[in-house]
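Indexing begins at 1, ligand by ligand and atom by atom, following the structure's order.
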Amino acid sequence: MNKVKLFIPGPTYVHPSVLEKMGTPMIGHRTPEASELQKNISMKMRELMFTESNKIVLSTSSGTGLMEGAIRSATQKRAIVFSVGAFGKRWHELAVLNGIEADLHEEESGQPTMPETVDRYLKTGKYDTVTITHNETSTGIMNPIEAIADVIRKYPKVVWLVDCVSSLGGSKIEVDRLGIDVCITSSQKALALPPGMAIASVSAKAEERFQKNGHRGYYLDFLTLCEYIDKKNYQYTCTPSLSHMFALDFQLDRIMKEGIENRFIRHIEMAEHVINWASHFFKVYPAPGFESLTVTTIANTRNIDISALNKELVQKDMIIANGYGELKNKTFRIGHMGDLTLEDVTLLTDTIESILKLK
Ligand SMILES: Cc1ncc(COP(=O)(O)O)c(C=O)c1O
């Protein structure tokens, strides 16, 4: 049994009781029990995503699957992709590879997407779809989603897709109040489940757009995914990972038991601890005021050997992540999301201090 606790920004630590639920005996995926399971998950996800009536779509894929399906099903005219790192840029690759017309706006590394920039593009009237990364796991930026929502609200015909893959379940994303049309997350991040399932909320406006565009693709077609909820009473297009569904249903009960707001507070406390620690001994990579609440990207100002540090950490049953892509060795990342606690992250930072003999 692997005892190493994951402080990487996904997959994250999974509680043993949740892992156990993955082993629930199978049921048929076309049975009333399967409908009931998917319906229960949907009701609880709505609560966690602060949406009254948006549809909850499940996908037996990782989050990228739903990102691909969403940009393809939603874009009628042209999409504008705002990127603050590798995962933001992925939306653009997905669009291009699917023959969807899209433009990319990239920020200087470490800088957030600002509402004025979004306004500048939408004002042109060229775009009917916009994508934002709420929490960019490579650069450790949490974008100012409230201020961006204020801008997007001025353009009611635009369909707004948000990547909340590494934040949903750890920080508050009020889908209805913000007006997010498609809000996407993955199981292996702040929801603290094994990887292999993605979840999205879909607004009535987004669904109307899918209907106008008609079916696009098969497995990841949002129109089909939505139709199966209405016409087939909360069922999934193909054979879903029922194991993930059992575990997700159970994990959502655990989240409700902890209290959604308490869970957000726990994430804020962990983030504050890691950000303060990193600011003291190194430097936090993202621009001040835009630090993520679920993952801290730390500039490697001491030029430490990150793989050597990780080898020593593993001896103590912990592991962190190197920087992503171009930021490898220039930065390293500490994930503080899901079911980790302030005690866990404090033990981690204390251990790093003692390994590196930081003063
Ligand atoms: C911000 C962000 N978006 C998208 C993805 C892609 O998600 P997945 O690996 O679940 O496909 C990731 C994965 O790390 C991510 O961190």
Side-chain angles (χ1 to χ4, degrees), residues 6-14 45 57-72 79 81-95 97-98 104 106-107 109-110 112-113 130-145 148 160-171 173 180 182-201 219-220 240-241 244 247-248 251 267 271 285-286 290-297 319-328 331-338:
L6 301 178
F7 292 90
I8 60 174
T12 46
Y13 162 75
V14 182
M45 279 307 300
V57 161
L58 304 181
S59 173
T60 298
S61 69
S62 70
T64 307
L66 283 185
M67 287 166 68
E68 177 158 15
I71 198 156
R72 187 172 62 203
V81 170
F82 292 98
S83 167
V84 295
F87 294 106
K89 221 170 152 186
R90 185 173 291 183
W91 279 111
H92 188 250
E93 287 174 75
L94 292 168
L97 292 169
N98 279 283
L104 171 68
E106 285 183 271
E107 290 302 333
S109 189
T113 302
V130 54
T131 79
I132 297 284
T133 312
H134 176 236
N135 189 68
E136 174 56 64
T137 320
S138 59
T139 48
I141 286 179
M142 192 166 260
N143 271 318
I145 194 96
I148 293 171
W160 183 20
L161 317 177
V162 184
D163 169 353
C164 292
V165 164
S166 59
S167 51
L168 201 130
S171 55
I173 297 146
I180 299 174
V182 180
C183 179
I184 299 172
T185 197
S186 301
S187 55
Q188 77 278 13
K189 307 275 188 183
L191 288 173
L193 290 150
M197 175 150 280
I199 305 136
S201 66
Y219 192 72
L220 298 167
S241 172
H244 276 92
L248 175 57
Q251 175 68 338
H267 277 79
Y285 186 75
F290 301 98
E291 301 91 346
S292 163
L293 294 177
T294 53
V295 54
T296 301
T297 299
I319 192 163
I320 61 168
N322 205 324
Y324 190 96
E326 288 170 7
L327 294 177
K328 191 171 176 188
T331 64
F332 59 99
R333 294 171 301 156
I334 297 179
H336 32 85
M337 62 175 95

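Considering only residues two or more places apart in sequence or on other chains, Thr297 meets the side-chain hydrogen bond (donor to acceptor under 3.5 Å, both in side chains) condition with none of them.
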Working for side-chain contact (heavy atoms from CB on, under 4.5 Å), residues Ser61 and Leu220: CA-CA 9 Å; Ser61 69; Leu220 298 167; 4.3 Å; yes

Determine whether His134 and Asp163 satisfy the following criterion, side-chain contact (heavy atoms from CB on, under 4.5 Å), listing intermediate values before the conclusion. CA-CA 6 Å; His134 176 236; Asp163 169 353; over 6 Å; no

Provide, line by line, the atom pairs where ligand 1 and the protein bring an N/O atom each to a distance under 3.5 Å; else say none.
| residue | atom | partner | partner atom | Å |
| --- | --- | --- | --- | --- |
| ligand 1 | 3 (N) | Asp163 | OD1 | 3.3 |
| ligand 1 | 3 (N) | Asp163 | OD2 | 2.5 |
| ligand 1 | 10 (O) | Gly63 | N | 2.8 |
| ligand 1 | 10 (O) | Ser186 | OG | 2.8 |
| ligand 1 | 10 (O) | Gln188 | NE2 | 2.9 |
| ligand 1 | 11 (O) | Ser62 | OG | 2.5 |
| ligand 1 | 11 (O) | Gly63 | N | 3.2 |
| ligand 1 | 11 (O) | Thr64 | N | 2.8 |
| ligand 1 | 11 (O) | Thr64 | OG1 | 2.5 |
| ligand 1 | 14 (O) | Lys189 | NZ | 2.6 |
| ligand 1 | 16 (O) | Thr137 | OG1 | 2.4 |

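Checking Thr296 against Arg333 by side-chain atom types alone, no donor-acceptor pair falls below 3.5 Å. Using modelled atom types and a 3.5 Å distance limit, the side chains of Asn143 and Glu136 yield no donor-acceptor pair.
With hydrogens and angles ignored, the 3.5 Å screen pairs a side-chain donor or acceptor of His244 with a backbone N or O of Pro195.
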